Amino acid sequence: MTTLTQEPYEESAGRPVGYATHDVTNQPPPLAPYDASADTALLEGVRREGAGWAEEELRRLGLRAGSAQAQEWGDLANRHEPVLRTHDRYGNRIDEVEYHPSWHHLMRVAVGEGLAGSAWADDRPGAHVARTAGGLVWGHTEAGHGCPTSMTYAAVPALRAEPELAKVYEPLLTSREYEPGLRPPTGKRGLLAGMGMTEKQGGSDVRTNTTAATPTAESEVYTLRGHKWFTSAPMCDVFLVLAQAPGGLSCFLVPRVLPDGTRNTFRVQRLKDKLGNRSNASSEPEFDGTVAWLVGPEGQGVKTIIEMVNCTRLDCVMASATLMRKTLVEAGHHVRHRGAFGARLVDQPLMRNVLADLALESEAATTLTLRLAGAADRAVRGDAGEAAFRRIATAVGKYWVTKRGPAFTAEALECLGGNGYVEESGMPRHYREAPLLSIWEGSGNVNALDVLRALGRSPETAHALFGELALARGADARLDAAVARLESGLAEASETGARRLVELMALTLQGSLLVRHAPPAVADAFCASRLGGDWGHAFGTLPAGADLGGILERALPPRA
């Protein structure tokens with residue numbers, strides 16, 4: 001018998017040549033390394049919202065996020081999911097979660113680059129904008145590790161309701177040191193925070209929580225007993241938790257390790273088997289005699305923790321905008337290198353329409369995200385008008401941008417065809433992640449109703465919103481007409497029509513921002529399609545007169 005030997009490939013300048021049966025052609029090269037900060041709309045928004053001083057750091061972070069190493073970290077952290085260890089080898093209860101080293105690499109960079117709580121310790125105007133922009137860039141790696149950094153950021157203003165606790169924990173929550181592992185919090189160089197609100201019987205209806213808080217002989221110290229249904233990142237050092245105290249639903253600080261070094265009772269019953277966000281552990285903890293410190297007055301738990309929710313809602317908008325940008329970059333890279341039917345995909349009219357439509361959606365999401373971050377930054381510094389705008393616009397943005405994410409990522413995936421449906425492309429991971437942002441921190445209905453609540457209880461929020469829209473008055477007739485429809489709609493606002501109303505708020509707000517700040521090609525196409533009705537029901541249905549070339553030239557990173 002004759003044996004034929006065939007080397008699978010030959011090395012030529014570090015590249016495989018191919019098998020005798022076929023050569024690999026018409027496939028794009030790897031995207032990485034690339035610059036995740038090469039986004040004109042992002043950089044313009046950062047300057048406009050007062051954080052231009054951070055641009056050099058953002059560009060450095062963008063190169064790191066788009067590096068082959070960081071992209072591999074994101075892949076590995078999702079392929080090697082966290083593992084719950086309820087007991088050690090001797091039978092002692094430990095309730096610890098093990099992560100792949102790549103998770104820790106991602107976390108170390110995120111915390112070190114100021115994407116957790118450090119903005120609260122930065123007095124420079126625009127510090128919160130810079131932090132949000134950093135999330136838009138570093139989020140190109142993977143989304144799961146953004147959960148603990150987001151909650152840590154959001155915990156700081158809520159904790160300030162109890163100044164004595166804030167004095168102890170805030171310097172550690174605003175640190176740029178990532179120190180994993182369960183140890184006494186005050187003995188660490190930096191801390192991470194989580195939160196526990198959701199229970200089985202209530203979900204977003206947190207006032208139905210049944211976890212009980214019993215006062216102890218020590219002032220402001222309680223013990224908790226109950227079960228939480230969703231508590232993400234259980235290896236965080238401290239958690240803000242809602243529980244029923246004698247005076248009503250209240251907010252508590254729960255450390256994993258007590259000051260004397262003993263483990264607090266925090267029994268992790270299981271980790272959730274989730275659709276996406278799989279690198280991040282989400283858990284069901286049980287409290288049984290768990291020591292907790294009261295944050296804010298008894299009975300004011302929702303009011304206390306709502307500051308945390310406002311911050312994490314902004315991060316939901318940011319994460320959705322990041323997913324849009326990441327998948328747009330992936331799709332753009334593919335169509336630039338892939339040919340079909342005698343031409344590059346990027347040069348084919350229908351594909352250009354699809355990609356330009358996605359680019360409009362992405363720019364509108366990024367621009368709104370940075371405007372919200374600017375409002376948050378100025379509200380923190382005492383601007384009452386921006387605080388009112390933030391109150392309503394964050395809920396509007398949370399509703400709309402996160403709703404657009406799943407359809408967007410599906411269309412971007414389709415640009416890659418069958419290649420995009422294969423796990424190793426990375427696109428399925430993005431697609432699984434997209435629905436989370438609409439669910440987390442209140443579903444679409446919760447946020448739409450929150451907008452109605454803001455309008456009813458705080459009339460200044462409507463004034464702030466229409467004041468923002470008025471800045472573009474007269475610049476585009478389609479936008480003016482949409483604002484007029486919105487004004488009429490407010491007079492007939494109802495729960496049944498809440499989604500329709502909030503959608504129009506979001507589109508007019510995005511249109512206003514683009515008319516004022518984006519090039520005519522972008523603003524005109526957005527107003528024609530989203531506000532003027534010259535649009536279909538799927539991406540890729542922009543009107544014939546849209547300047548597709550102008551939109552794509554702005555949106556896609558420079559060719560390598």
Side-chain angles (χ1 to χ4, degrees), residues 39 41-51 54 58 115 119-120 125-137 139 146 149-150 153-154 157 306-325 361-381 383-405 437-438 440-442 444 447-448 450-451 454 458 460-469 471-472 502-503 505-514 516-518:
D39 180 356
L42 166 69
L43 296 175
E44 288 178 354
V46 166
R47 298 177 200 127
R48 187 168 57 246
E49 297 298 337
L58 282 174
L115 307 187
W120 298 104
H128 295 269
V129 178
R131 183 249 169 201
T132 299
L136 286 164
V137 169
T149 58
S150 177
Y153 170 71
I306 199 66
E307 275 302 308
M308 188 174 192
V309 173
N310 284 335
C311 291
T312 50
R313 282 181 175 174
L314 170 59
D315 279 6
C316 287
V317 183
M318 177 263 287
S320 286
T322 304
L323 270 177
M324 290 183 189
R325 180 62 190 174
E361 196 74 31
S362 175
E363 177 156 352
T366 297
T367 302
L368 178 56
T369 297
L370 292 168
R371 176 65 184 93
L372 296 176
D377 191 87
R378 290 182 280 276
V380 166
R381 300 173 201 285
D383 188 321
E386 287 290 87
F389 175 77
R390 175 200 181 203
R391 169 69 183 90
I392 191 167
T394 299
V396 168
K398 166 65 168 72
Y399 171 82
W400 182 243
V401 175
T402 63
K403 276 272 179 258
R404 300 299 290 154
L437 288 317
S438 184
W440 188 34
E441 301 308 359
N447 277 270
D450 192 40
V451 172
S458 307
E460 68 274 13
T461 60
H463 297 312
L465 177 65
F466 281 101
E468 180 78 14
L469 297 177
L471 296 175
V502 175
E503 177 179 322
M505 284 183 180
L507 291 173
T508 53
L509 183 53
Q510 288 181 324
S512 172
L513 291 167
L514 295 179
R516 287 151 52 201
H517 304 304

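No experiment lies behind these values; they were computed from the predicted model shown.
Checked for salt-bridge contact, Arg404 and Glu361 meet the test: a charged N lies under 4.0 Å from a carboxylate O. A salt bridge links Arg371 to Glu468: at least one charged side-chain nitrogen sits closer than 4.0 Å to a carboxylate oxygen.
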(request) Test side-chain contact (heavy atoms from CB on, under 4.5 Å) on Leu370 and Glu44 and set out the steps. (result) CA-CA 10 Å; Leu370 292 168; Glu44 288 178 354; over 6 Å; no
(request) Please lay out, stage by stage, how His128 and Arg381 fare under the test side-chain contact (heavy atoms from CB on, under 4.5 Å). (result) CA-CA 11 Å; His128 295 269; Arg381 300 173 201 285; 4.2 Å; yes
(request) Show your working on side-chain contact (heavy atoms from CB on, under 4.5 Å) between Leu323 and Leu437 and close with a plain yes or no. (result) CA-CA 10 Å; Leu323 270 177; Leu437 288 317; 4.1 Å; yes
(request) Verify side-chain contact (heavy atoms from CB on, under 4.5 Å) between Met318 and Leu136, making sure each step is shown before the conclusion. (result) CA-CA 6 Å; Met318 177 263 287; Leu136 286 164; 3.8 Å; yes
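Every residue two or more places apart in sequence or in another chain that forms a side chain to side chain contact (heavy atoms under 4.5 Å, CB included) with Leu58 is listed here: Val46, Ala133, Val137. Among residues two or more places apart in sequence or in another chain, the side chain to side chain contact (heavy atoms under 4.5 Å, CB included) test is passed with Ala472 by Leu479, Ser512, Val515, Arg516. With sequence neighbours excluded, no residue forms a ring-ring contact (aromatic ring centres under 6.0 Å, His included) with Phe389. For Arg313, the salt bridge (charged side-chain N to carboxylate O under 4.0 Å, His left out) partners at least two apart in sequence or on another chain are Asp450. Under the salt bridge (charged side-chain N to carboxylate O under 4.0 Å, His left out) criterion, Arg48 pairs with no residue, sequence neighbours left out. With sequence neighbours excluded, no residue forms a ring-ring contact (aromatic ring centres under 6.0 Å, His included) with Trp440.
Within the model, atoms CG of Leu513 and CG of Leu471 stand 9.0 Å from one another, a figure rounded to the nearest 0.5 Å. For the atom pair Arg391 CZ and Thr461 OG1, the distance stands at 7.0 Å (nearest 0.5 Å).
Shortest non-hydrogen contact noted between Thr312 and Ala154 is CG2-CB, 3.6 Å.
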